[in-house]
Amino acid sequence: MQERYEPRSVEREAQEFWAARRSFRVTEDAGRSKFYCLSMFPYPSGKLHMGHVRNYTIGDVLTRYYRMRGRNVLQPMGWDAFGLPAENAAMANRVPPAKWTRDNIAYMKRQLQSLGFALDWERELATCDPSYYRWNQWLFTRLFRKGVAYKKTGVVNWDPVDQTVLANEQVIDGRGWRTGAPVEKREIPMYFLRITQYAEELLAALDELPGWPEQVKLMQKNWIGRSEGVRIGFEYALENEKRVLWVFTTRADTLMGATFMAVAPEHPIAEFAARRDAKARAFVEECRRTTVMEADLAQIEKQGVPAGIEVEHPLTGAKIPVWIGNYVLMGYGEGAVMGVPAHDERDFAFALKYGLEVKQVIQVPVPSEREEDLEYRRFSNTQWKPWYEEKEKGICVNSGKYDGLTYRAAVDAIAADLGAKGLGEKQVQWRLRDWGISRQRYWGCPIPIVHCPACGDVPVPDAQLPVVLPEHLVPDGTGNPLNKLPEFVDTACPSCGKPAKRETDTMDTFVDSSWYFARYACPDQGGAMIDERARYWMPVDQYIGGIEHAILHLLYSRFFQRAMIDEGLYGEVPAARRRTLSEPFADLLTQGMVLAESYYTDAGGRREWVNPAEVSVERDAKGKIVAAKRVSDGAAVVYDGLGTMSKSKNNGVDPQALIEKYGADTARFYTMFASPPTNTLEWSDESVEGSFRFLKRVWAYCLKCRGASGSSADEAARKAARFEIHSVLKQVNYDIEKRQLNTVASGAMKILNALERLDGFPAEAGEGLRILLRVLSPITPHLAHHLWRELGFGEDVMQAAWPDPDPAALAQDEIKYVVQVNGKTRGTVSVPAGLSDEQTAKLAISAVDKYIGGKEVRRKIVVPGKLVNIVL
RNA sequence: GCGAAGGUGGCGGAAUUGGUAGACGCACCAGGUUUAGGUCCUGGCGCUAACCGCGUGUGGGUUCGAGUCCCACCCUUCGCACCA
């Protein structure tokens with residue numbers, strides 16, 4: 001055994017051992033309980049970052065732990081390989097995206113392997129391979145024929161100079177990121193997936209996902225956004241034709257207070273008004289230009305113009321003016337609202353600006369005296385407070401036959417009356433919209449549709465799949481290069497055989513990642529999307545990834561899983577199994593971000609970012625940071641706080657450099673030890689050093705232990721050491737099940753501390769060391785593997801069973817009690833096991849005699865095995 | 001604005017059901033080995049001059065006993081945001 005711990009050779013040797021034995025290959029085994037442990041697959045951006053290391057280490061620790069617990073564990077890896085960065089890199093370097101992507105995959109795969117993850121590489125997949133994406137296409141054609149996929153026009157960001165579609169993140173301050181040209185909204189035909197068909201189920205099933213963080217479930221709930229209300233029709237006449245303007249409201253009880261209508265600028269009425277009236281046209285035009293991002297909308301002042309139309313109140317027959325309002329969203333409800341200024345904050349602001357009537361129809365119990373209500377009172381000449389500032393909904397007033405009704409009763413009555421006239425019904429509205437999957441991009445999965453002048457949009461038949469993406473193209477920033485490739489575009493109609501044009505749009509890359517987890521079960525399956533092996537492995541038992549995917553990726557995957565089940569891809573699924581199988585990820589762990597400090601030098605207002613590794617800090621006697629400077633030249637640097645690692649702030653830590661300096665095991669140990677998995681991790685080079693120091697101490701202890709035997713430790717000391725080690729082990733086993741991996745790492749440290757306190761190497765030391773190496777093996781697998789063999793404990797620590805504490809070791813002859821007087825801790829006392837509470841209390845009183853000082857003992861509280869509280 | 005999570009030493013963080021607050025580590029201090037430095041080893045380390053004092057964001061409460069439970073408030077972070 002080497003004197004010094006040399007991670008490089010230890011890790012190479014262990015990795016060769018695993019490779020030679022194909023240690024991580026897994027097959028289906030009906031006789032064993034399966035555990036599918038999955039980390040979100042990476043986008044092959046070039047090289048691994050610390051977030052990857054953290055993510056994959058968490059997954060690997062759990063994988064190795066459950067393996068040692070006897071489960072049949074699958075942990076695969078693959079590549080989310082389509083996407084925009086490859087096109088950008090291609091433009092910058094004039095390299096085809098395919099080559100750039102595959103080079104990156106090769107490099108990052110070596111990095112992952114150097115970290116020693118227990119991955120079954122025989123299941124590796126990349127979404128840019130035709131063998132993978134053909135099944136995107138295959139499923140799409142199925143869904144298209146069923147109507148779950150369909151075509152309609154959708155709004156995109158259009159760069160008029162490059163003649164190309166921009167992603168939201170490519171629009172900066174309303175301008176194209178490359179050209180600086182003002183971005184336009186443009187309507188183009190797109191393909192959609194009818195995720196709304198599953199809205200009800202996707203929402204309801206969230207309540208049956210105990211393994212998901214509440215936060216994520218809530219975000220999904222809000223995203224799906226179910227609300228109950230009433231759809232109300234307002235009749236009007238236009239060009240001698242009777243029409244109805246429909247609105248949706250959750251507050252039908254305020255219908256009697258509607259004094260105007262507001263429609264979205266994209267609403268047919270607005271478009272009609274724009275054709276007829278110059279002012280309306282100008283307003284609609286301006287709205288189209290102003291913004292693409294919906295979030296900005298909230299900041300803009302409410303504005304509108306009259307549409308020149310009046311509608312009829314469905315209950316009173318009163319004439320109500322219609323306005324075009326910039327605050328009305330076309331994409332929600334009917335794209336039109338009834339304006340009830342007295343009881344809606346937005347309607348009120350709008351009415352205030354344009355002098356529209358305010359009519360109170362709800363009475364709220366407690367009048368408000370608050371300052372901000374005064375203006376309102378002056379305006380409306382009433383003595384009450386707008387309902388939206390109240391928690392209660394109030395009762396109807398000024399509402400004729402509805403006066404006195406509460407919210408629920410009023411909504412029911414009004415809905416019934418509207419229903420009788422055919423001008424309203426109760427309705428459930430969803431915020432969730434259908435998923436537009438068309439991307440006017442080259443580096444993605446081609447949408448398998450052929451446009452035929454005679455037959456229309458024809459899905460490509462199975463026999464002609466996959467529609468292979470040509471890989472030699474280099475985009476130049478002026479639109480999708482597929483459009484300029486006649487051999488791709490020009491084809492024959494699969495239906496009639498006449499000349500036709502192939503669709504050149506590709507799919508949103510979220511499609512690729514919505515089912516990859518199922519494909520890992522059977523990546524070699526050439527004849528089907530998935531096979532019976534997916535039935536064995538699905539659902540994923542533990543999914544691990546970033547919170548940034550809390551909504552889209554996870555929601556789309558939940559949708560896809562259901563669509564795939566409904567397509568019969570999992571065969572006949574009994575109802576009970578359907579519930580568990582529909583949710584692709586039974587347990588979800590969202591790991592926190594990796595943060596680092598950033599520093600800059602300030603030379604005349606110009607910041608130069610200095611890498612934290614090049615900064616030395618000065619501390620006072622208590623360890624507080626008082627100053628910082630750059631090591632190379634002593635220049636003073638300014639601390640800029642913690643943030644995500646980024647190139648712009650020059651505060652990144654390169655995993656590769658870390659591995660080269662300390663080894664993979666230190667990188668793994670540190671990322672586990674520094675912080676609980678779900679918290680942010682604040683990077684500290686000194687703390688990395690501390691983790692390395694611990695691994696060196698483990699090595700040194702094993703080195704000493706190896707040749708030695710015998711001990712001067714007495715029986716009590718040996719027993720105490722054994723008690724401590726097994727106590728720590730009990731805690732470790734509890735912690736790992738609850739995914740608190742930082743305390744698992746510190747538990748390993750505690751075991752080593754206990755071993756080092758023990759003189760010599762009695763049998764208890766050997767036992768403790770076996771426990772230590774097994775506890776360490778998921779976190780630092782190379783080190784544990786090497787030492788396990790060096791000490792002759794066995795051939796392969798991974799094959800050893802995970803340790804459980806020995807109840808005999810945890811049994812004590814004497815129990816230490818904490819003694820409190822009046823609730824304050826005043827000492828401890830050792831009590832032989834098996835004494836009565838009364839006897840224990842007597843011993844406790846004698847131990848803290850001087851705090852009692854002859855006063856009367858009024859009560860004695862004994863918590864068995866823990867403490868005694870003497871109340872005077 | 002709405003929603004969620006969280007405030008514990010100089011720092012990261014521990015503390016199953018209320019039961020010795022600060023485990024484990026970093027930083028810092030002292031000593032030792034080596035000595036050019038680092039490595040390595042030993043000890044100390046919430047505040048306080050000290051205590052039988054004070055301490056888990058602030059103020060109340062429940063309890064023999066509160067970081068943990070209840071009420072009110074303050075602050076931070078994250079998510080959503082004109083969704084009718």
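Letters A, B, ... are given to chains in the order of the sequence lines, protein chains preceding strands, and every chain is numbered from 1.
Of the nucleotides present, none pairs with B:U20 by Watson-Crick or G-U wobble criteria with both distances under 3.5 Å. Across every strand in view, B:A4 sits in a pair with B:U77 that passes the Watson-Crick or G-U test at under 3.5 angstrom. Nucleotide B:G37 has no partner under the Watson-Crick or G-U criteria, as no pair reaches both atom distances under 3.5 Å. With both pairing distances under 3.5 Å, B:C54 is matched to B:G46 as a Watson-Crick or G-U wobble pair.
Residue pairs meeting the salt bridge (Lys or Arg N to Asp or Glu O under 4.0 Å) criterion with at least one member in residues 666-686 of chain A, sequence neighbours excluded, are A:Asp60-A:Arg668.
Residue A:Asn222 places none of its side-chain N or O atoms closer than 4.0 Å to OP1 or OP2 of B:G79.
Comparing B:U33 with B:A50, their C1' atoms are spaced 36 Å from each other, to the whole Å. B:G79 and B:A66 are spaced 38 Å apart, taking the P atom of each and rounding to whole Å.
Distance check: A:Leu872 CG to A:Ile870 CD1 gives 8.0 Å after rounding to the nearest 0.5 Å.
Contacts between residues 728-736 of chain A and RNA chain B, defined by a heavy-atom separation below 4.0 Å, involve A:Gln731, A:Tyr734, listed by number.
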Using a 4.0 Å heavy-atom cut-off to protein, can you give one letter per nucleotide of nucleotides 19-24 of chain B, 5' to 3': B if the base is in contact, S if only the sugar-phosphate is, - if neither? BBS-BB

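Within the nucleic acid shown, A:Arg858 has no heavy atom closer than 4.0 Å to any nucleic acid atom.
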